[in-house]
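Order of appearance sets the numbers: ligands from 1, and atoms from 1 within every ligand. If you're wondering where the values come from, they're calculated on a predicted model, not measured in any experiment. Heavy atoms only: backbone and side chains are in, while hydrogens, waters and symmetry mates are out.
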Amino acid sequence: MTYEEAKELLSNHGQEQVLKFWETLTEEARAALLGQIASIDFESLERMKGLLNAAPSEGAADEGRPEAVAPEVVEWTDSLYAEAKAVGERELAAGRVAVLLVAGGQGSRLGYDGPKGAYGIGPLSGRPVFYFHSRKVLALCRRHGARVPFYIMTSEMNHEATVACFRENGYFGLDPADVIFFRQGMWPALDADGRILLDQPSHIFMSPDGHGGTLTALDRNGCLADMKRRGIEAVFYFQVDNPMVEIADAAFIGLHTMRKADISLKLVAKRDPKEGVGVVVKRGERFEMVEYSELSDEQANRRREDGELYFKYGSVAIHVFSRVFMEREARKAMPLHIAHKKISYCRDDGTVVKPEKANGCKFEKFIFDVLPDAGTVLNLAFDRAEEFSPVKNAEGNDSPATCRRDLQAKWGRWLGLPEDSQIPLEIDPAYALDADELRSKGIRLESL
Ligand code: UTP
């Protein structure tokens, strides 16, 4: 993009201030700034400006819409599990399953300087979160004698460090040809007047466009085409911060396939009525995710006759998508979510100010906003103790300490140890992916 082209584009969108410091910039800085301008999605930018002045929808959200009801949630029975597992094993062995990890977030609550996946979570080895995810994918490849491509979404901020972590660790044993990194989109932030904020005279403040950016990013980076070429039908989706996740377990993949679902979600019984997880609801024929903060007190506390919460289950972003559904959704404009933030900005004289209070808006897309477009949705209950213990915070709940504790408790159960066992444990998922596999290796309590 040339200076003239950038100038015209910016003035068409009322953003001339982006080139305010042009005369003072070096050639290198000018080239970098033009690169940033060329990367901006101006169509979405216009939608963002529209949102700035829109009245908050709180309270009015339910008006004129069908009532939100709890959807059917499948709980495993032995026979359903066995049937689904067989179907999933067939799909995995045929190479029709891919794994998709979203790891573009900034992990600000954890406060770790690097991609969250590079954080050393191994209770004994200090091995990174990526190790545990990757070794599970490797175990799937070995168990089913098939290739399972592993797509990893990064952001501009953590791409190089993520790729370096895999390279330095020999891709954790995976075939590099089947580990595909792709960058998510970045969006500028706007001030109250809808103007793009510069955080340096030569630099536009940009931040990742949210996990909802996954579909566009998969499309733009050729990953959807790559999946199609490989014959992928089902895509297992998960977040980087949960080292306990059961990746593409055959029974979940199988039930998704049997139901011909567009999206399948694993749901967990909430710890308490106001736990900070999204809740899947049905309105008429359509499904949607309601964020915990948007549930009214009455909805959050409503009980069924048996005393269980009416909206009992929450989503922790463990999904299977049909590839065809992803393709369909990838080119649609998703809803935008706005967040008011403190964003460093440049004064007219070029000095950089760190504001004391929120001065700008960031925008994000959320993956679950595709739910209303899905024809068939499968909701499946899972056991938190077996599959979910996220690393979100530096301390307290959902921290590295609780995650290591829960990982060790799970491995301890495989060995038949009591819940309060203090024996330090760590199991390589590529050695044993589950209790049965561990037993088949002859590993028992008395052999430790
Ligand atoms: P979170 O909502 O926990 O955000 O992301 P975060 O950025 O990791 O952490 P905080 O809020 O700053 O502490 C949930 C999942 O979505 C991914 C994250 O990497 C994580 O796996 N994500 C989030 C993206 O891939 N891109 C984004 O823009 C946002």
Would you confirm whether Asn393, through its side chain, and Asn397, through its main-chain N or O, come within 3.5 Å as a donor-acceptor pair?
-> yes
Answer yes or no: is there an ion pair linking Asp272 with Lys274, defined by an N-O contact shorter than 4.0 Å?
-> no
Using the ring of each side chain (for Trp, its six-membered ring), is Phe181 parallel, tilted or perpendicular to Phe166, with breaks at 30° and 60°?
-> perpendicular
Result for side-chain hydrogen bond (donor to acceptor under 3.5 Å, both in side chains) between Thr216 and one of Gln184, Arg331, Lys365 points to Lys365
Around atom 6 (P) of ligand 1, find the nearest protein heavy atom and jot down its residue, atom name and distance.
-> Gly107 N, 3.6 Å
Among Ser108, Gly105, Gly212, which one has a heavy atom closest to atom 10 (P) of ligand 1?
-> Ser108
Can a donor-acceptor pair be found between the side chains of His337 and Asp369 at a distance below 3.5 Å?
-> yes
May I ask you to identify the nearest protein heavy atom to atom 7 (O) of ligand 1, giving residue, atom name and distance to one decimal place in Å?
-> Gln106 N, 2.8 Å
Heavy atom under 4.0 Å from ligand 1: found in Ala103's side chain, backbone, both, or neither?
-> backbone
Of Asn379, Asp249, Asp383, the one forming a side-chain hydrogen bond (donor to acceptor under 3.5 Å, both in side chains) with Lys266 is Asp249
Would you check the N or O atoms of Asp209, main chain and side chain alike, for any that come under 3.5 Å of an N or O of ligand 1?
-> no
Using atom types as modelled and distance alone, determine if a side-chain donor or acceptor of Asn301 lies under 3.5 Å from a backbone N or O of Pro273.
-> no
Atom 16 (O) of ligand 1 - nearest protein heavy atom and its distance = His211 CD2, 3.5 Å
Parallel, tilted or perpendicular for Phe236 and Phe252, by the 30°/60° rule?
-> perpendicular
For atom 25 (O) of ligand 1, which protein heavy atom lies nearest, and how many Å away is it?
-> Gly104 N, 2.8 Å
Main-chain N/O of Cys165 paired with Glu168 side-chain donor or acceptor, under 3.5 Å | no
Which protein heavy atom lies closest to atom 11 (O) of ligand 1, and at what distance to 0.1 Å?
-> Arg109 NH2, 3.0 Å
May I ask you to check whether Gly210 has an N/O atom sitting below 3.5 Å from an N/O atom of ligand 1?
-> yes
Taking only non-hydrogen atoms of Asp241 and a 4.0 Å limit, the atoms of ligand 1 in range are 3 (O)
Contact atoms of ligand 1, heavy-atom distance to Met153 under 4.0 Å = 25 (O)
Residue, atom name and distance, where the atom is the protein heavy atom closest to atom 14 (C) of ligand 1 | Gln239 OE1, 3.4 Å
When you measure from atom 21 (O) of ligand 1 to every protein heavy atom, which one gives the shortest distance, and what is it?
-> Val102 O, 2.7 Å
Of all protein heavy atoms, the one nearest atom 3 (O) of ligand 1 is Lys392 NZ, 2.8 Å
